[in-house]
Amino acid sequence: MKRNVAGKVLLLIALSSIASLAAITFFIFKEGLPLIFKVGLVKFLTGREWSPSSGEFGILPMIFSSVWITLGALVIGVPTGISCAVFLAEIIGDKTRKILKPAIELLAGIPSVVYGFIGVVILVPFIRETFGGPGFSLLAGSIILGIMILPTIISISTDSLKAVPNSFREAAISMGATRWQTTIFVTLRAARTGILASVILGMGRAIGETMAVIMVAGNALNIPHSPLDPIRPLTSNIALEMGYATGDHQKALFATGIVLFVFIMILNVTATGVSRLGLKTESLSGGRVK
Amino acid sequence: MQNKQNGGMSSRGSPESWVRTRRVLCRSCVDFTWRAVCAAKETTKRYLMGFRYPKFPVLALFTALICLSLSSCGRNHAGKIILAGSTSVQPFAELWADAYTAKHPGVKITVQGGGSSSGIESALTGTSDIGTSSRELKPEEEFGAGEKVKLQKVPVAFDGIAVIVNVKSPLTNISKEQLRELFSGHTNRIDNRPLTVVTREEGSGTRTSFQESVMRLPDSKTTERISNSALVQDSNGAIREIVAEDPNAIGYISLGLVDKRVKTLSIDNIPPTVATVKNEKYKIVRRFLFVLKNRNNPLSEDFIKFCLSPEGQNLIAKKGLIKINDTQ
């Protein structure tokens, strides 16, 4: 009886978190969709002019900015993250790893506003003095985001590299492969789905990050033509104008939220799909080796 | 186990000091929280010593505790005014609020930001008692959508908008024409020096006022749009920060918020100072408004009276604003 009641309470709590997800989804669609219909979906997504006070709602520059800054973050974060994961999983011993890995995971605990602040104080002036331009740029945003997604990529990649059975490595080495060849051609390949999932999760974090990006990316409304151009991704647009928005302007920000929501949903579904696929192939190959 | 527990009890400090501390702190939530903490400490101690509580009643108790503490925190003050709106007005509204509450200790004044548009809306919906705006109201805002009430406007100060550059910049003067060319993106150079244009975000009162007085073409009703390639920041402070750091940046902020890390530019040879704003030579000026749904709240009225009194006006004049009765 007692267990039953406790179980129901827990169920209720669990349901409430799902309910809040449903409520958020419902509200952003309810607030944003009317405006998308009013402007027209195609015009909303492909318009180049964003000027809510004169009734123009085109978010193409922001979509481009979001895509570019995410790609930039991946270019910087993925090679660094994967090399770091290989180092942690394959090269150093258990003892050192036990110190280093939590230290890297601490990176995830630093508030994004601190990343942004460091970006404004150190990175932006550095870019301005070295490459010219305003400094607030796609490049600055990408570097900051690239660092921010490192912990996600490193910790998941390390785990999936560690999950590769030792028999794989032993087999490769017994065939005469060097340690380097074993890592590149056997271990990394066997762990590729986990690594891919980590990259997609990192991508999700990069595309959703707001505060740090507002602070370093410059928020201009252009489609960027060079890494030194200032940009305004979807998230920044919402946070930047939220305070002053009323009426259609506010609805347009919700509509921006819908686009972002769809982006992130696609990424998350892909990540889940990839990791499920990964589990399947890993268990298959594991079976074969035995 | 019994012994240990007693030992723990006595080490908590003598009962007299506890009572005294409690008497001092005994105001609404504090007392309650203290008791809750003590109870939680005892409970945890007994739990750690092996006493197992029946789980469900404990859970219920916790929920009840949380509800109680939440409800006891929402206590009302005797007099309360909420101001919300423009971030440009906010620092000055805070000055007034501090001075006013120093004189009337029973009154609590909350000053919130959020922007002119949301300030006007909050006055209309009643979320705030007084909305603040750093720009003039649009006709549709003044009457509210579908509502019969007309918002009451009380001008409380004048503010110049200063065009600022880095202290290292050789520029000292700029024409309105050049300014318009620069901010509309037709050019990004003056005297062959590249400039980085920094502006406020769409919807900001400062941006709206700037656009009205600078971007309007001389002989027509159309205003030019501020360029898409301008950097956008969401506060006066952020723009000042960028201009203070970047030798090539140019931006505009409230005259009251200019400090010595940036340099103001003369517009058509007229420097932005309190004097030039007063004699109406400097043209980029806007009014700070209080917006109210009605004028029958005695508390708000008294506060407004204080803001408009010589004392209140001197307070903001010291910080670089222009008194409301200094110009016509």
Side-chain angles (χ1 to χ4, degrees), chain A residues 1-10 13 48-54 56-58 61-62 117 120-121 124-125 127-129 132-137 214-225 229-232 236-250 252-253, chain B residues 54-60 63 84-87 112-122 124-125 134-135 138 140-141 145 185 188 194-208 211 222-223 225-235 238 241-242 245-249:
Chain A
M1 191 355 224
K2 209 185 273 170
R3 184 173 293 172
N4 249 344
V5 175
K8 289 220 169 90
V9 169
L10 287 179
I13 294 170
R48 281 161 173 262
E49 286 295 326
W50 170 266
S51 176
S53 56
S54 39
E56 291 194 55
F57 304 96
M62 299 165 214
F117 191 62
V120 168
V121 173
V124 168
I127 292 176
R128 182 166 56 224
E129 276 147 30
F136 294 88
S137 55
I214 284 195
M215 292 171 81
V216 301
N219 309 320
L221 276 166
N222 268 352
I223 295 176
H225 297 294
D229 281 350
I231 58 161
R232 181 193 296 190
S236 301
N237 189 46
I238 300 176
L240 198 68
E241 297 189 349
M242 179 177 64
Y244 286 89
T246 46
D248 270 359
H249 188 182
Q250 196 175 34
L253 296 185
Chain B
K55 287 196 178 78
F56 185 63
V58 171
L59 207 72
T63 323
S86 166
T87 47
Q112 298 164 355
S116 297
S117 304
S118 73
I120 294 162
E121 198 180 78
S122 73
L124 203 62
T125 56
S134 55
R135 61 171 168 82
K138 297 173 197 157
E140 71 267 22
E141 284 176 331
N188 60 356
L195 284 169
T196 305
V197 177
V198 193
T199 182
R200 288 291 303 278
E201 78 284 12
E202 182 88 25
S204 141
T206 315
R207 176 176 171 136
T208 314
Q211 195 152 13
T222 51
T223 53
R225 204 174 279 172
I226 290 177
S227 159
N228 278 345
S229 43
L231 292 188
V232 181
Q233 291 295 319
D234 59 357
S235 70
E241 210 56 45
I242 290 184
E245 291 292 320
D246 185 348
N248 293 323

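Every chain is numbered from 1 and lettered A, B, ... according to where its sequence line falls, protein lines coming before strand lines.
- Once rounded to the nearest 0.5 Å, the distance linking CZ of A:R128 with OG1 of B:T196 reads 8.0 Å.
- For A:R48, the part lying near chain B is the backbone, with the side chain staying farther off; criterion is any non-hydrogen pair under 4.5 Å.
- Heavy atoms of B:E245 lying under 4.5 Å from chain A belong to its backbone as well as its side chain.
- Neither the backbone nor the side chain of B:S227 has a heavy atom closer than 4.5 Å to any heavy atom of chain A.
- A distance-only check finds a donor-acceptor pair linking the side chain of B:E202 to the backbone of A:S53 [under 3.5 Å].
- Per-residue heavy-atom pair counts under 4.5 Å with chain B were compared for A:S54, A:P230, A:P134, and the maximum is reached by A:P134.
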- Message: Would B:I242 and A:F136 count as a side chain to side chain contact (heavy atoms under 4.5 Å, CB included) here? Give the steps.
- Response: CA-CA 10 Å; B:I242 290 184; A:F136 294 88; 3.6 Å; yes
- Query: Given A:L240 and B:V232, is the side chain to side chain contact (heavy atoms under 4.5 Å, CB included) satisfied, shown in steps?
  - Reply: CA-CA 9 Å; A:L240 198 68; B:V232 181; 3.6 Å; yes
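- Here CG of A:N219 is found 9.5 Å from CD of B:E201. Values are rounded to the nearest 0.5 Å.
- You'll find the side chain of B:N228 reaches within 4.5 Å of the side chain of A:E49, heavy atoms only.
- With respect to chain B, the highest number of heavy-atom pairs below 4.5 Å among A:V120, A:N222, A:D229, A:I214 belongs to A:N222.
- Under a 4.0 Å N-O distance rule, the pair B:R225/A:E56 qualifies as a salt bridge.
- The distance from the OG atom of B:S229 to the CD1 atom of A:I223 is 12.5 Å, given to the nearest 0.5 Å.
- Heavy atoms closer than 4.5 Å to chain A are found nowhere in B:R207, neither backbone nor side chain.
- Residues B:A230 and A:A220 share a closest heavy-atom pair of O-CB, 3.1 Å.
- Heavy atoms closer than 4.5 Å to chain A are found nowhere in B:N248, neither backbone nor side chain.
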